S.K.: 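Structure below; questions to follow.
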Amino acid sequence: MNYYERMKEKYNSLKNKKDVIILSVESSCDETSIAVVKNGREVLSNVIASQIEIHRRFGGVVPEVASRNHITAISNVFDEALKEAKIDKKDINAVAVTYGAGLVGALLVGVNFAKALAYGLDLPLIAVSHVYGHISANYISHPDLKPPFVCLMVSGGHTALLRVEDYNRLKLLGTTIDDAVGEAFDKVARVLGLNYPGGPEIDRLAKSGQPTYHFTVSNSLIHTLNFSFSGIKTEVVNLVHNLSQKGEEINKADIASSFQECVTEELSTKAVRACKGQEINKLVVAGGVGANARLKEKLSHLCNENNIEFYSPVLKYCTDNGAMIGSCAYYMMKDGLGLADLDLTAKPNVEL
Ligand code: KG4
Ligand code: ZN
């Protein structure tokens with residue numbers, strides 16, 4: 001029997017096993033992360049080697065640099081993940097890996113590492129979508145959370161409202177027609193001369209500012225669950241350029257606060273409207289922008305007013321991490337999905 005045929009049987013047998021330990025690899029952008037997750041909810045370790053400092057001097061992620069740094073970091077991250085989890089290689093039941101979406105060169109490092117590991121240890125390899133992974137971060141933070149719920153997915157690459165029908169079944173309710181919201185945060189931060197990544201910088205700076213500027217999001221999408229963030233990004237860029245041309249003061253904190261107020265209002269009102277439309281009283285936020293304090297404050301307030309339960313991952317599981325991939329892989333395994341062969345490759349985009 002070849003590897004894949006052997007793994008089909010092994011994979012199937014995991015469904016009824018009492019305790020399943022998955023080692024999960026994430027390398028889609030600028031974090032090399034490996035985690036050990038038991039039964040989808042219990043994180044035994046979650047080691048993250050961040051490259052933020054390396055990319056900061058370039059003002060954003062340089063794909064080639066990211067790939068090279070994943071290569072140098074990954075085997076140490078692996079050793080550390082086993083050590084922290086206090087397990088041995090032989091205790092692992094399956095290997096999971098993010099195959100997309102993300103930077104292809106960066107993803108390939110994780111994919112090839114995971115493949116070698118799975119083959120060497122004769123274990124099933126599970127191919128996980130990064131987007132589904134972000135949703136699963138909530139299962140780690142909230143042990144009792146189960147679908148169905150509405151998810152507001154807000155990351156550097158995606159902005160969407162999803163009906164999460166079951167662990168592996170999503171329905172797209174609305175999406176951005178141009179930029180992802182994280183992208184808008186990063187671009188606005190850049191024009192304000194803030195460090196990469198821009199989201200946390202704007203979050204921090206906005207706390208000392210007032211929303212004195214009136215920015216707008218697309219009016220034409222007002223009755224839909226779709227989003228557009230390229231217009232507001234341009235409004236901010238134009239404002240900053242105009243002020244500096246006139247030699248006027250640029251109050252960065254006020255601009256950050258005004259921008260953040262406008263986009264978080266748009267995201268939170270549409271998220272709650274989606275819950276009402278779907279007649280679902282559970283809202284979950286996922287992805288890096290889910291770390292935004294003002295967004296969480298607004299969502300929590302609006303949900304409270306509308307009798308909707310609100311869930312968000314703890315901060316360390318909002319941004320990229322291996323644990324969310326391990327959690328997601330567990331529920332894929334339960335449904336017999338995602339078993340990959342050794343020809344698994346990386347994909348820059350994945351279908352929601
Ligand atoms: O989910 P993530 O780590 O990576 C992707 O899958 O894209 O999201 C990264 C994005 C970046 O755009 C970053 O600026 C944004 O999440 N972000 C934030 C905050 N923390 C991270 N945006 C707003 N407020 C934050 N606190
Ligand atoms: Zn991500």
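Being a predicted model, the structure only gives us computed values, none of them experimental. Each ligand, and each atom within it, is numbered from 1 in the order the structure gives.
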S.K.: Verify the distance criterion only: is there a donor paired with an acceptor across the side chains of Asn292 and Gln260 at less than 3.5 Å?
M.R.: yes
S.K.: Would you say ligand 1 has an N or O under 3.5 Å from any N or O of Gly199?
M.R.: yes
S.K.: Using every non-hydrogen atom in the two residues, find where Asp179 and Lys187 come nearest and quote the distance to one decimal.
M.R.: OD2-NZ, 3.9 Å
S.K.: Is the shortest distance from a Lys or Arg side-chain nitrogen in Asp335 or Arg169 to a carboxylate oxygen in the other one below 4.0 Å?
M.R.: no
S.K.: Quick check: Gly156 and ligand 1, any N/O pair under 3.5 Å apart?
M.R.: yes
S.K.: Decide whether an N or O pair under 3.5 Å exists between His130 and ligand 1.
M.R.: yes
S.K.: Is any side-chain heavy atom of Val240 closer than 4.5 Å to a side-chain heavy atom of Ile255?
M.R.: yes
S.K.: Just to check, does Pro200 reach to within less than 4.0 Å of ligand 1 when the distance is taken from its heavy atoms?
M.R.: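 Pro200 counts as a contact of ligand 1 under the 4.0 Å cut-off.
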S.K.: Establish, yes or no, whether a centroid distance under 6.0 Å links the rings of Tyr330 and Tyr139.
M.R.: no
S.K.: Which bit of His158 is near ligand 1, meaning a heavy atom under 4.0 Å away: side chain, backbone, both or neither?
M.R.: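 For His158, no heavy atom sits under 4.0 Å from ligand 1.
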S.K.: Short list, please: which atoms of ligand 1 are under 4.0 Å from a heavy atom of Gly182?
M.R.: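 Checking each atom against Gly182, I get 12 (O).
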S.K.: Can you sort out which atoms of ligand 1 are near Ala291, meaning under 4.0 Å from one of its heavy atoms?
M.R.: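 Matching atoms, with element in brackets: 20 (N), 26 (N).
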S.K.: Going by the angle between their ring planes, with limits at 30° and 60°, are Phe215 and Tyr213 parallel, tilted or perpendicular?
M.R.: parallel
S.K.: May I ask you to check if ligand 1 and Gly287 share an N or O to N or O distance below 3.5 Å?
M.R.: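 No, Gly287 has no N/O under 3.5 Å of an N/O on ligand 1.
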S.K.: Flag His130 as yes if one of its N/O/S atoms falls below 2.8 Å of the Zn ion (ligand 2), otherwise no.
M.R.: yes
S.K.: Are the side chain of Lys10 and the backbone N or O of Asp122 linked by a donor-acceptor pair below 3.5 Å?
M.R.: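 Flag set: sc Lys10 to bb Asp122 pair under 3.5 Å.
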S.K.: Of the protein's non-hydrogen atoms, which lies at the shortest distance from atom 26 (N) of ligand 1, and what is that distance?
M.R.: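 Answer, as residue, atom name and distance: Asp203 OD2, 2.8 Å.
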S.K.: With respect to atom 11 (C) of ligand 1, which of Asp186, Val188, Leu315 exhibits the smallest heavy-atom separation?
M.R.: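 It is Asp186 that holds the nearest heavy atom.
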S.K.: Report yes if some N/O of Gly288 lies less than 3.5 Å from some N/O of ligand 1; otherwise report no.
M.R.: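 Between Gly288 and ligand 1, an N or O pair is found under 3.5 Å apart.
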S.K.: Could you find the nearest protein heavy atom to atom 24 (N) of ligand 1 and give me its residue, atom name and distance?
M.R.: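 Protein heavy atom with the smallest distance to atom 24 (N) of ligand 1: Asn292 ND2, 3.0 Å.
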S.K.: Taking only heavy atoms of Gly157, which atoms of ligand 1 are found under 4.0 Å from at least one of them?
M.R.: 7 (O)
S.K.: Report the part of Asp320 (side chain from C-beta onward, or backbone N, CA, C, O) that has a heavy atom under 4.0 Å from ligand 1; answer both or neither where that applies.
M.R.: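 Contact part for Asp320 vs ligand 1: both backbone and side chain.
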S.K.: For the pair Glu279 and Arg163, find out whether any cationic side-chain nitrogen is under 4.0 Å from an anionic carboxylate oxygen.
M.R.: no
S.K.: For the pair Lys171 and Glu165, find out whether any cationic side-chain nitrogen is under 4.0 Å from an anionic carboxylate oxygen.
M.R.: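 The answer is no: the pair does not qualify as a salt bridge.
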S.K.: Short question: side chain of Glu305, backbone of Leu302 - any donor-acceptor pair under 3.5 Å?
M.R.: no
S.K.: What is the name of the N/O/S atom of Asp320 that is nearest to the Zn ion (ligand 2)?
M.R.: OD1
S.K.: I want to know whether Tyr196 and Phe58 have ring centres closer than 6.0 Å.
M.R.: no
S.K.: So which bit of Val289 gets within less than 4.0 Å of ligand 1, heavy atoms only: side chain, backbone, both or neither?
M.R.: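 Val289 to ligand 1: contacts from backbone and side chain alike.
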S.K.: Short list, please: which atoms of ligand 1 are under 4.0 Å from a heavy atom of Thr319?
M.R.: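 Once the distances to Thr319 are compared, the set is 3 (O).
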